[in-house]
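For the single chain, residues carry numbers from 1 onward in sequence order.
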Amino acid sequence: MSRTMRDAPLSPETGSATASSSADRPAVGTAALVVDERPDIATPVDLRHLAPSGSVGQRRRPAPAPRPRADHVTVAARPEGGRAHSPVMVLLVLIATLGILLYAQFLLNPGNRGDILPYTMIIVAEAILVVQTLFAMWTILSGGQDPRDFDFHATQDTLYDEAEIDRLGLRGTPHLWPMRVAGERIVADVFITVYGEELAKIATTVQAALALKGEHRTWVLDDGRSDEVRDLAAQLGARYIRRLSSNGAKAGNVNHALAIAKGDFFAIFDADFVPETDFLFETVPFFVDEKVAFVQTPQTYGNLTSLVSRGAGYMQTVFYRFIQPGRNRFNAAFCVGTNVIFRRSAIDEIGGIDTDSKSEDVWTSLHLHEAGWKSIYIPMTLAVGDAPETIEAYSKQQLRWATGGFEILFRHNPLSPRRTLTMDQRLQYFVTATNYLTGIAPLLLLMVPPMEIFFDLRPMNLHISVLQWFLFYAGFYLMQIVLAFYTLGSFRWEVLMLATVSFPIYVKALWNVISGKDEAWSVTGRKGTVSSPFNFIIPQVLFWLFLTLTSCVAIVRDADNGVLTLATVWNLLNTFILSAFLVAAWREGRTLKRFARAEQRGELAEAPVVLTAPLGSEPASRRTQVSRPAPRSGEEILALQRADEAEQAAAREADLATAHRLADRTPTDDPEQAARDASRVAELAASRALAHGRRAAATPADDRTTDDGVTADQQERVTS
């Protein structure tokens, strides 16, 4: 099952929602429903929400009608506070669960056992898939209640202080609206983490963040140390932070910003996730419950244009649509790194965002739950971002996520009695930690047909008929395909392909954790030189050569015997899937080379950066650049001191000249002359004040002068 949940913004007037179609994540040559613990969803990117507009205290506006897309399906919205699943949905889940149990009984029946080696491989692989699927079904059936209770709605209705908005004349500037939670005025910080992304993409996200409704401060956290990004933040009116090192990667970047920003809450957005204006309106009211640590919203993808991006996106739909809402029931919904808002005091209590793992999001959630804090997940798309579009980006993303999951299993086992978690939370985090084992299961299943073809080793002793075998097999896999069609509208072959060919990534992640090898942190979608996709799929190429040879041997063998065997069909299917993936890699490589040649010829222009006028809430003069200045040489220090002394001497001479000029004038009884004298005295006072201010700013405290041009040290010596 996949880790994605899509529920488009509900329209209170139409009572419907738009959801993207998707498919479950299958096993090799099959359609196993397993949980992929990461986000996705496809939706058109509508940037009309960048303009500040709307009325104070409103509920959700009816969502604008999306452009027609083939990958969308309209589903009925559930009533607020009601159950999330229809009776038909619950029935299908129960039937699918029964099919899983029957298939497990069929595999474990001693009478069906074949040769020990392939049988063991089948049992291990299918056991991983069956256990993960059963936990997924349990979590789905546990979901249903809307987390938005009475306190949430009461707080949302009074979130914006309308009286103060009218008093300050802010009706037309919703990004300045004061917010109140439980009667207390609060301010939120909005962090946009940047690490080498395209400038146009960053600009779009920053402009959207500045336009969020509710009083907030927008910060650009630039770990790429780009002067262009700094200047962009200044033009848009956002605050800017640059640190000297990249320790802790993204988590360290956020922790560094928390040492500077002092808001009551802080939201995090990746540079490629564009938030909607109602993000704070839909999330902040949950914090009326003082135990809520963070509120997570789905990651929604709007760039499902390539085979890889579609596969990576649709692979994860079920998680956000059904798994995360179910985890609300157990207080086990976890952060996914972006489109999330935290309570500052909760993060302070656990010592900041976790920096010991590449999956800082899940680890931070785990520490918060162990400390007794609550989490909330709402199935409402409030930001749209980018899925990985290349094999390189997808491989690095999956390696980072899988490494974080395996680290929980081996370094912080949630089932350990030392963990201060509830039993439900222990099980949910154990499922998360073992989830990426489902990515290794295809490797075992790939090797079973060659064992029969080359060595006549069969995993099952099929004394039953083919029809009986199919019924058991379909009970596990076919019912999940039916469930996917009913809930999501379609089945995506790209999901099957990526699930089959991604096993080298997860094997590498598991080995890295066991051996203690550390991988450099990489950003999905970072701009820069793109390598050939074949540099990242060498194991897949070798397996394709092996399976192609095996298929040729199997076809010759079956032709001699006059019987087409199941092993031959299975191996041909695996070979076909790997072939499709290699063709996709070849096409991607050609496209990258074509773009590289065009860029060398100067035919490609970087996407233009479209800037809107600053909103006024973040003036450029208030941006913050946190970086230590370069050390000055001795000559520079002496030159600065001489310049300061010359400026001070010139100021003293000007004061003395003015004093002498006024001292030569004699008092008079003429009112006009008295007025002119008073004006000159005021001029002298202003001149002295200006000179004194300059000296105070440029001279150390112990070396500041009095109004008579005498330093403090000299005055002290004269007095003594």
Side-chain angles (χ1 to χ4, degrees), residues 2-4 6 20 22-23 25 36-43 45 71 193-198 201-202 205 249-250 269-274 298-317 319-320 336-339 358-359 361 383-405 435-436 439 492-506 508-509 519-537 540 580-582 584-589 591-592 595 607:
S2 58
R3 170 184 164 176
T4 299
R6 164 66 190 267
S20 67
S22 176
R25 175 178 177 178
D36 183 13
E37 299 289 347
R38 283 287 161 181
D40 104 309
I41 301 218
T43 188
V45 181
D71 54 355
T193 55
V194 175
Y195 189 44
E197 291 84 357
E198 296 176 2
K201 188 178 297 184
I202 297 172
T205 303
K250 178 180 175 180
F269 295 98
D270 288 346
D272 57 346
F273 274 88
V274 181
Q299 291 187 25
T300 299
Y301 293 153
N303 66 329
L304 303 190
T305 55
S306 68
L307 186 145
V308 173
S309 63
R310 288 195 301 272
Y314 290 119
M315 182 182 286
Q316 310 166 51
T317 303
F319 175 79
Y320 270 141
V336 295
T338 184
N339 310 347
K358 299 299 184 294
S359 293
D361 44 12
V384 178
D386 291 342
E389 296 181 332
T390 64
I391 291 175
E392 176 185 1
Y394 170 78
S395 299
K396 291 180 177 180
Q397 179 198 68
Q398 293 297 310
L399 179 63
R400 188 173 72 245
W401 290 352
T403 300
N435 169 73
Y436 288 100
R492 295 284 174 167
W493 71 273
E494 298 97 331
V495 175
L496 173 63
M497 183 195 68
L498 284 186
T500 304
V501 304
S502 297
F503 61 89
I505 302 173
Y506 306 122
K508 182 179 181 180
E519 290 284 341
W521 199 85
S522 59
V523 175
T524 303
R526 183 182 184 184
K527 68 179 181 180
T529 303
V530 182
S531 305
S532 168
F534 287 94
N535 293 340
F536 302 91
I537 58 172
Q540 289 91 329
F581 179 68
L582 295 184
W586 175 71
R587 290 179 175 175
E588 179 183 307
T591 302
L592 293 176
F595 275 93

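Y394 approaches Y506 most closely through the heavy-atom pair OH-OH, 3.9 Å. Listed here is the closest heavy atom pair of N339 and A383: OD1-CB, 3.4 Å. The two residues P533 and L592 have their closest heavy-atom pair at CD-CD1, 4.1 Å.
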From CA spacing to verdict: side chain to side chain contact (heavy atoms under 4.5 Å, CB included), F269, T193
CA-CA 7 Å; F269 295 98; T193 55; over 6 Å; no
Carefully, step by step, assess T338 and Q299 under the rule side chain to side chain contact (heavy atoms under 4.5 Å, CB included).
CA-CA 8 Å; T338 184; Q299 291 187 25; 3.2 Å; yes
Evaluate the side chain to side chain contact (heavy atoms under 4.5 Å, CB included) criterion for residues Y314 and L304: first the C-alpha distance (whole Å), next the side-chain angles of each, then the deciding distance (0.1 Å), finally the verdict.
CA-CA 9 Å; Y314 290 119; L304 303 190; 3.7 Å; yes
Side chain to side chain contact (heavy atoms under 4.5 Å, CB included) between D386 and K201: does it pass, once the steps are laid out?
CA-CA 10 Å; D386 291 342; K201 188 178 297 184; 3.1 Å; yes
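Within the model, atoms OH of Y301 and CZ of F273 stand 5.0 Å from one another, a figure rounded to the nearest 0.5 Å. Interatomic distance, Q540 CD to S395 OG, rounded to the nearest 0.5 Å: 7.0 Å. To the nearest 0.5 Å, atom CZ of residue F536 and atom CG of residue L399 are 11.0 Å apart. Atom CG of D272 is separated from atom CG of N303 by 8.0 Å, given to the nearest 0.5 angstrom. Note that the OG1 atom of T403 and the CD atom of Q398 stand 10.5 Å from one another [nearest 0.5 Å]. Considering OH of Y436 and CD1 of I505, their distance stands at 10.5 Å, rounded to 0.5 Å.
Evaluated for a side-chain contact (heavy atoms from CB on, under 4.5 Å) with F581, the options T500, L307, L498 yield exactly one hit, L498. For the side-chain contact (heavy atoms from CB on, under 4.5 Å) test with V308, the passing option among E494, E588, M497, E389 is E588; the others fail.
The backbone N or O of A387 sits nowhere less than 3.5 Å from a side-chain atom of S309 that would complete a donor-acceptor pair. Under a 3.5 Å cut-off, the side chain of S359 and the backbone N or O of A402 do not form any donor-acceptor pair.
By the 4.5 Å heavy-atom criterion applied to side chains, D270 and K250 are counted as neighbours.
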